Amino acid sequence: MKNVATNSRMMMWSVTAGVLVLAAAQLFAQTGDTAKGKALVASSGCLNCHRIGDTGSRLGPNLSDIGERRTPERLQRSIVAPDEEVLPENRFVSIVLKDGTTVRGKLLNHDALSIQLLDPKEQLRSLLTADIRGYTILTKGLMPSFESNLSTQQVADVVAYLSSLKGTEQP
């Protein structure tokens, strides 16, 4: 009886592992084209928020070495479901000043006297806490999902390009 139960568990685990491997294989079966991915990053507005090397904005995460820091699987998820993982250093803040004005930007620093942020025009703003009515740290990112805008092959191309970004010299 003990062998039957053990064999059943092993068989169930084997089937579950096989299903997971098959799902991952189907997801990443398409190999991406780095050159096409680079062109898509340039034409899809990614550099309006992100930076690669000396090109692009400082508002979103710098992607210059993203291939060193993220697996292709995580890169793919960040393209199709960007709100699943928003790191604290990439969060935005929405601040309401005492005069009713709302200011939004990438949170850089917050202390007892002030909040520093980078606004959408990439201007450094320092706001005194005495002038602030309230603020909210946004836990969702501002990056849109590209799941419906890009084909599976195009996502694979972008992932291939981003995976190739390993540091200061860019392909």
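Note that this is a predicted model, so its numbers are computed, not measured. Numbering starts at 1 and runs along the sequence shown.
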Donor-acceptor contact present, side-chain [X] to main-chain [Y], <3.5 Å:
X: S57; Y: H50; answer: no
X: Q123; Y: L117; answer: no
X: T129; Y: L113; answer: yes
X: S126; Y: Q116; answer: no
X: D157; Y: D33; answer: yes
X: K166; Y: G67; answer: yes
X: K98; Y: A130; answer: yes
X: Q76; Y: V159; answer: no

Does any non-hydrogen side-chain atom of [Y] lie less than 4.5 Å from one of [X]?
X: L63; Y: V41; answer: no
X: Y135; Y: H110; answer: yes
X: L75; Y: R70; answer: yes

Give me the other members of the hydrophobic cluster that L59 sits in, counting Ile, Leu, Val, Met, Phe, Trp and Tyr linked by side-chain heavy atoms under 4.5 Å, directly or via other members. F92, L108, L118, L124, L138, L142
Would you indicate whether R58, at its atom CZ, is surrounded by more than 12 heavy atoms from other residues, nucleotides or ligands within a distance under 6.0 Å? no
Report, as yes or no, whether the 6.0 Å neighbourhood of atom CG on D99 holds more than 12 heavy atoms from other residues, nucleotides or ligands. yes
Kindly compute the distance separating [atom1] ([X]) from [atom2] ([Y]), expressed to the nearest 0.5 Å.
X: K140; Y: R91; atom1: NZ; atom2: CZ; answer: 10.0 Å
X: D65; Y: L162; atom1: CG; atom2: CG; answer: 11.5 Å
X: S164; Y: E68; atom1: OG; atom2: CD; answer: 11.0 Å
X: S145; Y: E84; atom1: OG; atom2: CD; answer: 9.5 Å
X: D83; Y: T139; atom1: CG; atom2: OG1; answer: 8.0 Å
X: L107; Y: S94; atom1: CG; atom2: OG; answer: 12.0 Å

Could you walk me through whether I132 and L97 pass side-chain contact (heavy atoms from CB on, under 4.5 Å), step by step? CA-CA 4 Å; I132 297 173; L97 301 176; 4.0 Å; yes
On a heavy-atom basis, the closest approach of Y161 and T34 is CB-O, 3.6 Å
Treating Ile, Leu, Val, Met, Phe, Trp and Tyr as nodes and any side-chain heavy-atom pair under 4.5 angstrom as an edge, say whether [X] and [Y] lie in one connected cluster.
X: V80; Y: I66; answer: yes
X: I137; Y: I115; answer: yes
X: I79; Y: V86; answer: no

Test salt bridge (Lys or Arg N to Asp or Glu O under 4.0 Å) on E85 and R77 and set out the steps. CA-CA 9 Å; E85 180 183 34; R77 288 305 302 156; over 6 Å; no
Listed partners of T71 passing side chain to side chain donor-acceptor pair (under 3.5 Å), at least two apart: E73
